[in-house]
Amino acid sequence: MAQKAVPKKPVTKKPVTKRTVLSQRRGDLEEFFHPKAVALVGSLNRNAKPERLRASYAERWGDRWYLVNAKGGSIGDIPVYEHVTDIPAEITLAVVNVGTKLVARTVEECGKHGVPYVLIFTAGFSEVGEAGAEAEREVGEVARRYGIRVFGPNTNTNAFEVLPEPPKRRGGRIGLVTQSGHQGRPLVQGTEFGVAFSRWVPTGNELDLEAADFIEYFAYDDDTDVIAGYFEGFKDPPKLRRALEAANAQGKPVVALKMGSTEAGTRMASSHTGHLAGSDAVVEGLFAQYGVVRVRDLDELLETAALFAKLPAGTGGRSALYSISGGSGTLMAEVAESSGVPVPVLSAKTQAGLREMIPDYLTVANPVDNGAQFLVNAPIEDRKRVFDLVAADPNIDVIVIGLTGALGRLTDRFAEDIVAFIDEVKKPIVVTWNSFKTDEQGFKTLIDAGVPMFRSFRNCFTALRAFARYEEASSTFRARKAMPSRLPKGAASALTDAGGTRPSPLGADASRQLLESFDIPLAGEGLAHSAVEAARIARDIGFPVVMKIASPDFPHKSDAGLVRLSVGTGSEAKAVYTELVGRATRAKRNARIEGVQIQQQIEGGTEMIVGVTRDPVFGPAVLVGTGGVFAEILKDVAVRPLPLDRRDAQEMVQGLRGYPLLTGARGRDRGDVKALVDVVLAVARLASACGDRLVELDLNPVVVLKNGAVAVDSLVVTAG
């Protein structure tokens with residue numbers, strides 16, 4: 001008997017700009033989602049009536065499913081097989097729900113029967129500790145031996161659930177990926193609010209198939225227009241990049257709720273960079289590279305993804321605010337501005353047209369206040385004309401209507417007008433329903449019509465700004481080329497100074513040699529081993545000079561009082577040498593003191609920080625920020641994981657709050673931004689070539705001058 005396929009819904013896609021296809025569609029996952037026949041292995045309700053059992057399985061599995069349980073027997077006329085290998089048919093998916101200790105054996109049975117895909121419902125694996133993790137590894141080894149793709153464990157069959165269609169679908173559908181099954185359910189319940197989904201995939205422990213696989217699948221799925229996800233972590237950065245590149249190439253926005261945005265203090269960092277560029281900053285940088293829209297809560301995830309699905313591509317962010325209350329309009333305008341959404345003044349022509357219908361004591365400049373009674377007293381032609389006038393204004397991209405209170409007849413009429421006009425008005429309409437009272441007819445009217453709707457101004461305007469930013473960024477989406485992995489000769493010899501496998505700072509000479517081999521501009525300096533030599537080197541460099549202790553045991557020399565600025569004479573240089581060595585010796589009796597660095601003192605310019613940190617998942621990431629002694633206080637930084645390119649480096653610099661310091665703010669000299677970008681790229685090449693041997697790198701400060709940029713202090717932490 002032919003299997004009943006999971007029903008496909010009709011597709012009505014909004015126009016999107018397709019870009020270069022980077023890889024093939026995920027045919028393997030199409031096979032996973034559309035199995036020829038399914039083995040349901042494990043616990044059974046033997047008291048169930050056969051017809052009810054068939055009905056309960058029909059939606060997800062059609063009529064090509066087989067029951068497997070160690071006790072065998074039958075349920076009415078439905079046979080129960082003792083082993084998967086007993087099934088007299090080809091099985092392409094097995095759903096395993098047996099005891100944790102029996103899973104590996106069951107997967108092996110599936111392998112012997114030639115089953116290519118296994119969904120493991122069973123829990124009790126890596127989520128419960130090391131013993132469970134060991135059991136999970138055993139399952140993985142068995143699956144790999146037979147070439148089986150595994151979904152889960154610790155998941156469910158919701159990936160095969162046919163999600164209900166809203167009464168009227170407006171726009172496209174959302175493909176949902178969650179690394180928590182429980183967090184996915186409230187999202188797909190958004191169908192109650194007019195949100196449409198193509199599929200929901202709860203990935204569980206991701207022994208094999210993981211979130212990135214399904215992001216890539218949705219990128220090529222014709223039934224999906226927007227990809228949304230709840231993520232706790234990522235396992236395979238190259239796979240994730242490939243998936244996000246596919247989403248970009250296919251014009252599919254990705255909206256993500258990613259856990260881990262608070263500082264967990266998972267490790268101690270030696271450098272400023274290490275403290276500033278935590279794992280979440282690296283994820284933030286990756287998302288910036290691929291235009292991923294990041295949200296902070298479930299309601300924001302649902303509403304933002306729904307807006308992306310419903311709003312036409314190319315819609316700008318300039319908003320006209322329309323309500324029945326001056327107070328509502330004022331609050332809307334304030335939240336819009338704080339969210340970065342422009343609220344332009346309507347043209348004189350638009351205002352004059354509105355004044356013909358709206359009294360002088362109500363505002364029509366933007367926000368537009370209709371005074372409430374207009375909705376029940378004015379004819380429908382006038383109510384429609386207000387929408388048409390606002391939509392025709394050349395300064396407006398979208399109309400936002402705020403329904404802040406449930407007011408019976410007034411609210412119902414406003415909702416009726418929105419639904420009646422939304423398909424005729426030439427600009428998109430978005431609605432907020434701010435009241436907790438949702439049993440109003442007006443609320444139902446909007447939901448049933450699939451109107452883009454929010455429950456708060458904050459979520460509404462945050463989403464509109466995110467949409468506009470995505471549209472702006474989409475023209476620059478690109479795949480990034482791999483960066484060089486070969487070390488120059490000088491760099492290789494410098495790294496031999498790294499001792500042991502534990503991270504430790506490089507010495508002064510080795511650090512300079514490493515940095516210079518990648519053409520990173522450094523201030524002129526010399527290393528003195530005596531007070532007399534300090535005076536000679538200082539005279540050769542030219543006064544004034546900076547003097548600092550040269551010791552890997554003092555990574556933050558300023559904090560330890562081991563730096564002196566503006567040393568102006570040879571005799572002063574001698575005295576400072578003796579002072580610094582003595583202070584360092586007293587601070588750490590067994591400190592490794594190489595001498596004292598005598599360095600050219602760079603005058604003027606703007607202090608920045610450039611560095612590298614190594615994320616345990618994403619590997620090396622480059623940081624740039626406002627630097628100097630206040631770097632960790634200001635925390636004005638941008639981070640990108642490798643690989644990155646020149647445009648990444650430029651965006652990082654230009655996105656800093658301190659960027660105006662480089663462009664002549666308050667009468668300052670303009671800094672050489674190109675030179676700073678060159679330093680960022682040189683550091684990225686260094687990080688790529690050094691690989692795992694580079695743990696952290698800290699250039700702080702990098703002084704950006706009118707012409708050029710110079711690193712005046714460095715810390716390089718390596719591991720052999």
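The structure displayed is predicted, hence computed values, not measured ones.
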Please examine the side chains of [Y] and [X], heavy atoms only from C-beta on, and report whether any two atoms are closer than 4.5 Å.
X: Val368; Y: Asn370; result: no
X: Val295; Y: Val255; result: yes
X: Leu298; Y: Tyr230; result: yes
X: Asn156; Y: Pro202; result: yes
X: Arg241; Y: Gln289; result: yes
X: Glu471; Y: Thr315; result: no
X: Val293; Y: Val254; result: no
X: Arg640; Y: Val680; result: no

Which heavy atom of [X] sits nearest a heavy atom of [Y], and at what distance?
X: Asp615; Y: Val617; result: OD2-N, 2.9 Å
X: Ala463; Y: Thr304; result: CB-OG1, 3.8 Å
X: Asp280; Y: Met259; result: OD1-O, 4.4 Å
X: Ala211; Y: Gln179; result: CB-NE2, 3.9 Å
X: Arg657; Y: Leu634; result: NH2-O, 3.0 Å
X: Thr224; Y: Val226; result: CG2-O, 3.3 Å

Salt bridge or not for [X] and [Y], using N-O below 4.0 Å?
X: Glu192; Y: Arg185; answer: no
X: Asp360; Y: Arg355; answer: yes
X: Glu284; Y: Arg294; answer: yes
X: Lys239; Y: Glu210; answer: yes
X: Arg173; Y: Asp221; answer: no

_A quick test of your reading: do over 12 heavy atoms of other residues, nucleotides or ligands sit less than 6.0 Å from NZ of Lys437?_
yes
*Please indicate whether Lys235 has more than 12 foreign heavy atoms, meaning atoms of other residues, nucleotides or ligands, lying under 6.0 Å from its NZ.*
yes
*Classify the angle between the aromatic ring planes of Phe467 and Phe308 as parallel (below 30°), tilted (30 to 60°) or perpendicular (above 60°).*
tilted
Working to the nearest 0.5 angstrom, can you tell me the gap between [X] [atom1] and [Y] [atom2]?
X: Ile418; Y: Arg413; atom1: CD1; atom2: CZ; answer: 12.5 Å
X: Leu187; Y: Asp299; atom1: CG; atom2: CG; answer: 9.5 Å
X: Met332; Y: Glu337; atom1: CE; atom2: CD; answer: 14.0 Å
X: Asn366; Y: Ile399; atom1: CG; atom2: CD1; answer: 10.0 Å
X: Asn459; Y: Leu302; atom1: CG; atom2: CG; answer: 9.5 Å
X: Glu416; Y: Phe421; atom1: CD; atom2: CZ; answer: 10.0 Å

[X] (side chain) donor-acceptor with [Y] (main chain) under 3.5 angstrom:
X: Thr411; Y: Gly405; result: yes
X: Gln654; Y: Tyr659; result: no
X: Arg668; Y: Pro660; result: no
X: Arg465; Y: Ser339; result: no
X: Thr203; Y: Glu206; result: no
X: Lys168; Y: Gly450; result: no
X: Arg455; Y: Asn434; result: no
X: Arg385; Y: Phe387; result: no

_Check: Phe374 ring centroid to Phe414 ring centroid under 6.0 Å_ = no
_Short side-chain donor-acceptor distance under 3.5 Å, Arg647 and Thr476_ = no
*Ser347 and Asp393 side chains, donor-acceptor separation under 3.5 Å*: yes
*Given Phe457, which of Val335, Leu321, Thr462 fulfils the side-chain contact (heavy atoms from CB on, under 4.5 Å) condition?*
Val335
*Decide side-chain contact (heavy atoms from CB on, under 4.5 Å) for Thr606 and Leu676; before the verdict, give the C-alpha distance in whole Å, the side-chain angles of both, and the deciding distance to 0.1 Å.*
CA-CA 11 Å; Thr606 300; Leu676 176 60; over 6 Å; no
_Before you tell me yes or no, could you show the steps for Leu446 and Val419 under side-chain contact (heavy atoms from CB on, under 4.5 Å), namely the whole-Å CA-CA distance, both residues' side-chain angles and the distance that decides it to 0.1 Å?_
CA-CA 7 Å; Leu446 294 168; Val419 172; 4.3 Å; yes
*Working for side-chain contact (heavy atoms from CB on, under 4.5 Å), residues Leu464 and Leu311*: CA-CA 10 Å; Leu464 283 170; Leu311 211 59; 4.2 Å; yes
*Apply the test side-chain contact (heavy atoms from CB on, under 4.5 Å) to residues Val283 and Phe231: give CA-CA distance (whole Å), side-chain angles for both, the deciding distance (0.1 Å), then the verdict.*
CA-CA 11 Å; Val283 171; Phe231 306 115; over 6 Å; no
